[in-house]
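As structure tokens, the structure follows; a few thoughts come after it.
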Amino acid sequence: MLQLGHDQLLGAYRRMSTIRAFEERLHDEIKTGEIGGFTHLYAGQEAVAVGICDQLTVDDKIVSTHRGHGHCIAKGCDVKGMMLEIYGKADGLCKGRAGSMHIADLEVGMLGANGIVGGGAPQAVGAALAAKMDGKGRVGIAFSGDGACNQGTTFEAMNLAVVTKAPAIFVFENNHYSEHTGVDYAVGTAKDIASRAEAFGMKVWRANGCDFFDTFEQFRDLLEYVRAGNGPAAIELDTERFYGHFEGDPQRYRGSGELDRIREERDCLKAFRKVVTDAALLTDAEMDAIDDEVRILIDEAVAQARAGADPDPATVADDVYAEYY
Amino acid sequence: MAVMNIREAILRTLHDEMERDGDILVLGEDVVGGNGTAGGPEAIGGIWGTTGGLWEKFGPNRVIDTPISESAIIGAAAGAALAGKRPVAELMFADFVGVSLDQLWNQMAKFRYMFGGKTKCPAVVRMVYGAGMQTAAQHSQSVYALLTAMPGLKVVLPTTPADAKGLLTEALRGDDPVMFFEHKALYGVKGEVPDGDYRIPFGQARMVREGGDVTVVACGRMVNFSEKAADKLAADGIGVDLIDLRTTSPLDEDAILDSVEQTGRLVVVDESPPRCSLAADIAALVATRAFTSLKAPPEMITGPHAPIPFSRVLERAWLPSPQTIEGAVRRTLAFR
Ligand SMILES: Cc1ncc(C[n+]2csc(CCOP(=O)(O)OP(=O)(O)O)c2C)c(N)n1
Ligand SMILES: [Mg+2]
């Protein structure tokens, strides 16, 4: 099994646990009516964001989706700043202008969640072309869902990356649904989304996105290949979303017992815990302690967000341009 | 007459028209919902509730769930229309016009003219627009001015259930591409809807009320805001001529000009940024065609020249409100 050290394992667990706790807490807080707009929760997919982002540096850029909280946390966005943003407060990461759907933190290489499905992939190619200019082995990564892989922008981005040999990485998170439609209906190559990238001329990898170790190892090989200057690559992760498409989704499209089953059999946090305790790499006590710390962090984040000041209405038209009049 | 909300009026009109005309088809994302899942087709029945049950009744050739591919959705509608059908394409959010713009702008809008008037393109594009629900910069925009500016497209914005029926029926019976705007905050608005065949010709504004002192021109949700302002003003003895445009292309110029000739005062309310907006368009119409009637400068009540923010407080600051409309009416009256 992989050669991750004790601290790296503990760090990965902390980030996955943080994403889970953040999303579970939001699921509850949204019911209070204090959080407006659309919120799409990432719970269930933590191993993907963390298995990938833990191998990046701040100088590698990621482009996210409408389901972006996990990517943000894994890439190093400040959790309290995110919570403030989701509550629309002045001290939020984007001053309350973004909300859940458009969180960005350029300082950590997180170029933005995106409300437009398929909007991000071409931008990741742009980040990759920028990295190529700099010649330091950095990469640009697009996270896309199974639904986003049907958008023309995604196809164009893949071909552009191939013909320019851009160090771009296409991460397809297949959680089997785009909103309320199943992947078997909407994706012509449903059994194998990675084959699309392959057809564009890319080397591809596939991994179990509910297994941190498989995701980590497959992506490690991929990253080595792209950093070495071989051009773009893609990886498809088979994963699950534990909540509705958005908060408030009645999920009538789910099979009976489906949610219980995936939470039982495909929970990446449970699986991680089993692997590391069986192999005596981490102890339950160590991980429980992290869970406790995370709980305190999220409690503080929510309290701070609820108490935070609203933006000043007079600032509504600020920041539209770098310079105007 | 039956009482229903706008959502129901749209669904029933689609249903009745599809029953009447076998050439009509509906396509869009999750218009059926549940395809390819354990819950099966119609598990959701359209996320806005405007297409539920159509698949069951008319089948998969006429009610088509599409992948997330707006360019292809609108392009397919354009092609089906050229091939003799009457497609009704749905954009889940009007903001996604951005993804599909070429098919609207360079294709659908221009076929008839480019082909020397030899063809028609009877496609209806239904799209859900509007701010007020904290859906932020990419899910809140009112892009009707953009499409109004494009020769070849007709642009329709119902504000009542009766208008929703009358205008959608007209769209489905006509031979031109129609951009049909549904405000997400108006779906629940209730009202009486005429039974049977009911069509409202395009280019005929609705005079919501006649007050004679100031002309207020609005469309979409801004009509409702203007009504609230007009109620407040009426209590102070100020009478508003409130005009609901219903369609911005074609535009009922006469309704606007006739009213301004009487009142000499114009307030235009527009849920969009001010530059190249509908408000600017109508202010220009009045300035150029009714200049001598004007007793005060036209007032434009719009959002600022900025995207729509997420925060509740900022979004409220962005949007026109009954208060800002009322203030504008009072300013035009106070002008000397
Ligand atoms: C251009 C565009 N079309 C449609 C939508 C509405 N929408 C938001 S998320 C979504 C489904 C996305 O599915 P997928 O890419 O699989 O991501 P997941 O939600 O599963 O994470 C849709 C249709 C959108 N936001 N943008
Ligand atoms: Mg998906």
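Chain letters run A, B, ... following the sequence lines, proteins first and then strands; every chain starts at 1.
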Could you name the residues of residues 129-139 of chain B that have a heavy atom within less than 4.5 Å of a heavy atom in chain A?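 Residues in range: Met133(B), Gln134(B), Thr135(B), Ala136(B), Ala137(B), Gln138(B), His139(B).
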Please state whether the rings of Phe246(A) and His40(A) are parallel, tilted or perpendicular, taking 30° and 60° as the class boundaries.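 Perpendicular.
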What orientation do Tyr253(A) and Tyr177(A) show, parallel under 30°, tilted 30 to 60°, or perpendicular over 60°?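 Answer is tilted, since the angle falls between 30° and 60°.
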Does atom [atom1] ([X]) have a neighbourhood of more than 12 heavy atoms from anything else shown, all under 6.0 Å?
| X | atom1 | answer |
| --- | --- | --- |
| Glu34(A) | CD | yes |
| Asp91(A) | CG | no |
| Arg306(A) | CZ | no |
| Arg25(A) | CZ | yes |
| Lys110(B) | NZ | yes |

Please state whether the side chain, the backbone, both or neither of [X] comes within less than 4.5 Å of a heavy atom of chain B.
| X | result |
| --- | --- |
| Lys95(A) | backbone |
| Phe155(A) | neither |
| Asp312(A) | backbone |

Identify which of [options] forms the greatest number of heavy-atom pairs closer than 4.5 Å to chain A.
| options | result |
| --- | --- |
| Ser311(B), Gly39(B), Ala38(B) | Ser311(B) |
| Gly303(B), Pro67(B), Pro41(B), Gly33(B) | Pro67(B) |
| Glu42(B), Glu70(B), Glu29(B) | Glu70(B) |

Would you mind checking which part of Glu315(B) comes under 4.5 Å of any heavy atom in chain A, side chain (CB onward), backbone (N, CA, C, O), both or neither?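 Contact with chain A: none, neither part.
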Options [options], ranked by heavy-atom pairs under 4.5 Å with chain B, top entry:
| options | answer |
| --- | --- |
| His180(A), Glu85(A), Arg254(A) | His180(A) |
| Asp184(A), Val117(A), Ile116(A), Asp310(A) | Ile116(A) |
| Ala314(A), Pro250(A), Gly147(A) | Gly147(A) |
| Gly36(A), Ala186(A), Ser178(A), Ala317(A) | Gly36(A) |

For Asp146(A) and Ile193(A): C-alpha separation, side-chain torsions, deciding distance, then whether side-chain contact (heavy atoms from CB on, under 4.5 Å) applies. CA-CA 8 Å; Asp146(A) 48 286; Ile193(A) 290 176; 3.6 Å; yes
side-chain contact (heavy atoms from CB on, under 4.5 Å), that's the test. Do Tyr185(A) and Thr37(B) meet it? Break it down for me. CA-CA 8 Å; Tyr185(A) 175 86; Thr37(B) 72; over 6 Å; no
Is there a donor-acceptor contact under 3.5 Å from the side chain of Asp238(A) to the main chain of Gly209(A)?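 Not a single qualifying donor-acceptor pair exists.
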Assess whether a salt bridge exists between Glu271(B) and Arg221(B), defined as any Lys/Arg side-chain N lying under 4.0 Å from an Asp/Glu carboxylate O.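 Looking at Arg221(B) together with Glu271(B), the answer is no, because their closest N to O distance does not fall below 4.0 Å.
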